[in-house]
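Below is one structure; the comments refer to it alone.
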Amino acid sequence: MDKKLQKLLPNVQKPARYIGGELNSVIKDKNKVDLRFAFCFPDSYEIGMSHLGMKILYHTANLREDTWCERVFAPWEDMEMAMRENGIPLYALESGDPIKDFDILGFTLQYELCYTNVLNMLDLAGLPVRAADRKDLSPIVMGGGPCVCNAEPIAAFFDLFSLGEGEEVNNEIMDLYIRHKKRGSTKEEFLADAAKIPGVYVPSLYDVKYNDDNTVCSITPKNGAPETVTKRIIKDLDNVVYPDNFVVPFIDVVHDRVTHEIFRGCIRGCRFCQACFLNRPVREKSPEIINEQCKTLCENTGYDEISLCSLSSSDYRRIEELLSLLLDWTPDEKINVALPSLRVDNFSQELLEKLKSVRRSGLTFAPEAGTQRMRDVINKNVTEEEMIETANIAFSGGYSAVKLYFMLGLPTETDEDVLGIGALAKKVVDAFYNNPDRPKGRGVTVSVSCASFVPKPFTPFQWEGQAAIEELNKKQQLLKDNLPSKKISVSFHDKRVSFLEAVFARGDRRLADVIETAWKRGCKFDGWGEFFLFDTWLECFKELGISPEFYANRQRSYDEILPWDHISYGISKAYLIKESEKARQAETTQNCRIKCAGCGANKLNGGKCDV
């Protein structure tokens with residue numbers, strides 16, 4: 001370890017974030033590899049070390065004998081200050097080497113409000129933040145994750161983006177890079193070839209023009225780049241590489257457990273949910289393989305909890321069979337099994353019996369809206385009767401705490417819909433006290449959490465305007481003033497954060513100047529309340545003559561060219577328009593297992609969808 005680093009670590013919070021050396025971290029001889037890859041997570045160590053995608057891609061890259069993949073996280077404010085004062089550039093945890101000397105820097109972009117952290121990490125590494133100012137072949141700065149479905153606001157800072165699932169395409173990018181490195185190619189020669197890899201988007205190979213009204217006029221590929229870049233998927237989850245160990249942190253992280261993915265995609269089609277559409281088609285993993293992999297991971301990490309991960313875990317068709325397999329060995333090993341992301345409408349007595357032997361904590365469900373009309377608008381396909389029935393099953397099984405997730409500001413929402421949130425929560429409270437089999441000697445707690453609706457690309461609501469901050473203020477106050485029971489507590493996400501999220505979710509390339517200006521004025525860790533400088537952001541928009549409301553609050557027409565129209569995640573625009581129109585009529589669409597709605601995503605898997 002660098003001597004200067006050794007001296008400063010005792011003076012910062014949680015120095016274990018910055019030392020590396022954890023169990024199962026991968027150490028290689030840098031002189032015996034052809035490519036050094038820095039996997040960069042633009043948030044704190046505790047957040048990044050909880051992310052399953054990072055664990056999978058770290059393991060996949062390090063299976064290669066010619067590649068060494070190392071981890072890099074955004075240093076907390078005290079550590080960053082110490083690094084800058086002592087001339088210590090951003091380094092990778094495994095080797096301690098500066099990442100500016102690596103071949104590829106791969107950023108995972110999970111959340112729009114991490115963008116300033118990307119710039120801060122590049123600058124801390126000693127690199128220009130703009131791709132055009134990085135002239136050499138190395139390092140290539142690439143991005144992946146859900147935010148790259150519309151990477152236009154940050155296109156100026158990246159050399160390429162990997163769309164969709166990275167297990168296979170990342171290997172193809174690394175193979176290509178090694179060939180060009182040995183050949184002595186220029187950066188431009190590498191990028192021209194990289195654009196030929198399916199799923200790779202090179203933003204410098206596309207020219208964007210704008211109309212007088214600031215909407216996009218045209219997106220034109222050049223130098224042989226494809227007109228449309230389509231995401232990559234893994235077709236067979238049973239045979240794709242999955243880690244047999246995880247790096248075990250020295251300190252507590254957000255999700256300090258074995259996390260295992262049971263399927264990808266979603267059958268539901270909730271119209272606000274970007275993850276549902278970005279991850280289609282549905283592909284399931286077999287219970288036997290999940291069970292064996294979970295057992296191996298527990299043995300190799302020492303973890304005593306397994307979390308079964310998916311967008312809606314109770315939609316996994318063989319969930320009870322999987323839980324039976326896990327329960328054959330986890331109780332003896334004193335290992336807990338957690339099943340998050342449960343659906344209200346398929347929470348059965350049988351599933352409850354399995355869960356009772358696994359854990360006894362609060363249950364979380366997401367009705368999303370307080371009235372049936374509003375749930376039909378968003379295609380939630382959950383009725384009040386199903387929610388009360390589910391609550392009664394849970395209460396009869398010994399549960400007394402329920403958390404309910406809702407959104408405010410959804411398209412067509414009225415005051416009646418807002419008040420319906422409190423009314424529904426009250427019916428859950430009443431269900432507890434009317435249930436003769438409820439836990440005796442305990443009261444019920446119902447926690448209501450309300451997020452602000454953010455319209456996202458590749459959803460039927462991508463054309464909708466977000467409710468203005470003033471309007472969201474009124475909705476929040478209306479709900480708080482009319483809570484019908486003291487057994488109900490309510491909390492709200494910061495609507496200013498949601499506003500910026502909406503700006504960057506549907507933004508275009510002109511926002512790069514705003515992001516860079518805000519970063520230079522101290523904006524970073526924007527998703528953290530203690531760092532969020534909303535007034536600074538507004539000042540930057542104003543000085544640059546860019547209206548954030550143009551991106552967040554404006555209703556778009558179906559014929560407008562959207563900044564991401566040259567990107568495809570397999571979902572047809574005709575399907576999204578049809579769903580948007582049905583939403584306006586409060587008409588629902590059945591889930592994929594009942595009837596295929598023709599979204600088009602199954603074409604990515606040869607017409608197959610595991611529904």
Side-chain angles (χ1 to χ4, degrees), residues 12-14 17-18 38-51 53-54 57-58 70-84 88-93 98-100 102 104-131 133-134 139 141-148 150-159 161-162 253-254 494 496-505 507 511-534 536-537 540:
V12 301
Q13 299 177 53
K14 302 183 181 179
R17 291 167 165 165
Y18 311 111
F39 196 117
C40 303
F41 198 98
D43 210 320
S44 71
Y45 177 92
E46 291 91 329
I47 301 293
M49 283 296 290
S50 302
H51 185 246
M54 186 175 201
L57 296 178
Y58 176 84
E70 304 182 51
R71 296 163 298 133
V72 187
F73 303 96
W76 204 244
E77 187 177 44
D78 59 342
M79 181 62 173
E80 181 198 339
M81 185 181 301
M83 290 171 69
R84 292 190 186 276
I88 298 173
L90 188 62
Y91 59 90
L93 288 185
I99 64 170
K100 65 180 176 62
F102 281 48
I104 298 177
L105 311 183
F107 285 86
T108 180
L109 303 169
Q110 298 294 315
Y111 180 40
E112 290 85 355
L113 269 68
C114 76
Y115 293 165
T116 51
N117 272 13
V118 173
L119 273 60
N120 205 45
M121 292 172 74
L122 290 172
D123 181 68
L124 191 56
L127 293 166
V129 299
R130 297 248 176 183
D133 297 328
R134 300 189 298 267
V141 177
M142 63 177 283
C147 288
V148 304
N150 177 30
E152 298 307 284
I154 48 169
F157 311 116
F158 284 82
D159 297 305
F161 296 98
S162 171
V253 297
V254 176
D494 190 331
R496 303 170 305 164
V497 171
S498 299
F499 174 68
L500 269 192
E501 185 181 342
V503 171
F504 295 123
L511 291 176
D513 290 342
V514 180
I515 295 169
E516 186 173 4
T517 303
W519 161 68
K520 287 179 177 177
R521 296 191 183 177
C523 291
K524 60 189 173 186
F525 285 106
D526 295 299
W528 294 77
E530 61 264 48
F531 291 104
F532 186 49
L533 303 174
F534 186 58
T536 301
W537 277 104
C540 294

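Side-chain atoms are counted along with the backbone in the values below, which use heavy atoms only and exclude waters and symmetry mates.
Taking the side chain to side chain contact (heavy atoms under 4.5 Å, CB included) definition, one finds that Lys520 meets it with Glu516, sequence neighbours left out. Partners of Trp76 according to the side chain to side chain donor-acceptor pair (under 3.5 Å) rule, which considers only residues two or more places apart in sequence or in another chain, do not exist here. Scanning for side chain to side chain contact (heavy atoms under 4.5 Å, CB included) contacts around Tyr58 gives Ser25, Val26, Asn62, Cys69, Arg71, Glu94, Val247, with sequence neighbours left out. In this view, Ser162 satisfies the side chain to side chain donor-acceptor pair (under 3.5 Å) rule with no residue, not counting sequence neighbours. Under the ring pair (Phe, Tyr, Trp, His ring centres under 6.0 Å) criterion, Tyr45 pairs with Phe73, sequence neighbours left out. Under the ring pair (Phe, Tyr, Trp, His ring centres under 6.0 Å) criterion, Phe499 pairs with no residue at all, not counting sequence neighbours. For the side chain to side chain donor-acceptor pair (under 3.5 Å) test, residues two or more places apart in sequence or in another chain that qualify with Asp494 are Arg496. Listed by chain and residue number, Val454, Pro455, Gln466, Ala552 satisfy the side chain to side chain contact (heavy atoms under 4.5 Å, CB included) test with Ala502 (two or more places apart in sequence, or in another chain). Considering only residues two or more places apart in sequence or on other chains, Cys523 meets the side chain to side chain contact (heavy atoms under 4.5 Å, CB included) condition with Thr116, Ala518, Asp526, Leu533, Thr536, Trp537. The ring pair (Phe, Tyr, Trp, His ring centres under 6.0 Å) test applied to Phe157 returns no partner, not counting sequence neighbours. Legend: residues meeting ring pair (Phe, Tyr, Trp, His ring centres under 6.0 Å) with Tyr111, ordered by chain and number and at least two apart, are absent.
Between the side chains of Trp528 and Asp43, a donor-acceptor pair is found at a separation under 3.5 Å.
No side-chain heavy atom of Leu105 sits less than 4.5 Å from a side-chain heavy atom of Met142. The shortest distance between side-chain heavy atoms of Leu122 and Trp519 does not fall below 4.5 Å. Taking 4.5 Å as the limit, every side-chain heavy atom of Tyr115 sits out of range of all side-chain heavy atoms of Leu119. Side-chain contact between Phe107 and Met121 is present, with at least one heavy-atom pair separated by less than 4.5 Å. By the 4.5 Å heavy-atom criterion applied to side chains, Phe39 and Val72 are not counted as neighbours.
For the atom pair CZ (Phe161) and CD (Glu152), the distance works out to 8.0 Å, reported to the nearest 0.5 Å. Taking OG from Ser44 and CG from Asn117, the interatomic distance works out to 9.5 Å, rounded to the nearest 0.5 Å. Between Arg521 atom CZ and Cys540 atom SG the span is 4.5 Å, to the nearest 0.5 Å.
Between Arg130 and Asp513 a salt bridge is recorded (basic side-chain N to carboxylate O distance below 4.0 Å).
Using a distance-only test at 3.5 Å, with no hydrogens or angles considered, no donor-acceptor pair links the side chain of Asp133 to the main chain of Pro128. Here the side chain of Ser50 pairs a donor or acceptor atom with the backbone of Val254 at under 3.5 angstrom.
Counting only residues at least two apart or in different chains, salt bridge (charged side-chain N to carboxylate O under 4.0 Å, His left out) contacts with residues 106-121 comprise Glu112-Lys456.
Between Ala92 and Ile99 the shortest heavy-atom distance is N-CG2, 3.8 Å.
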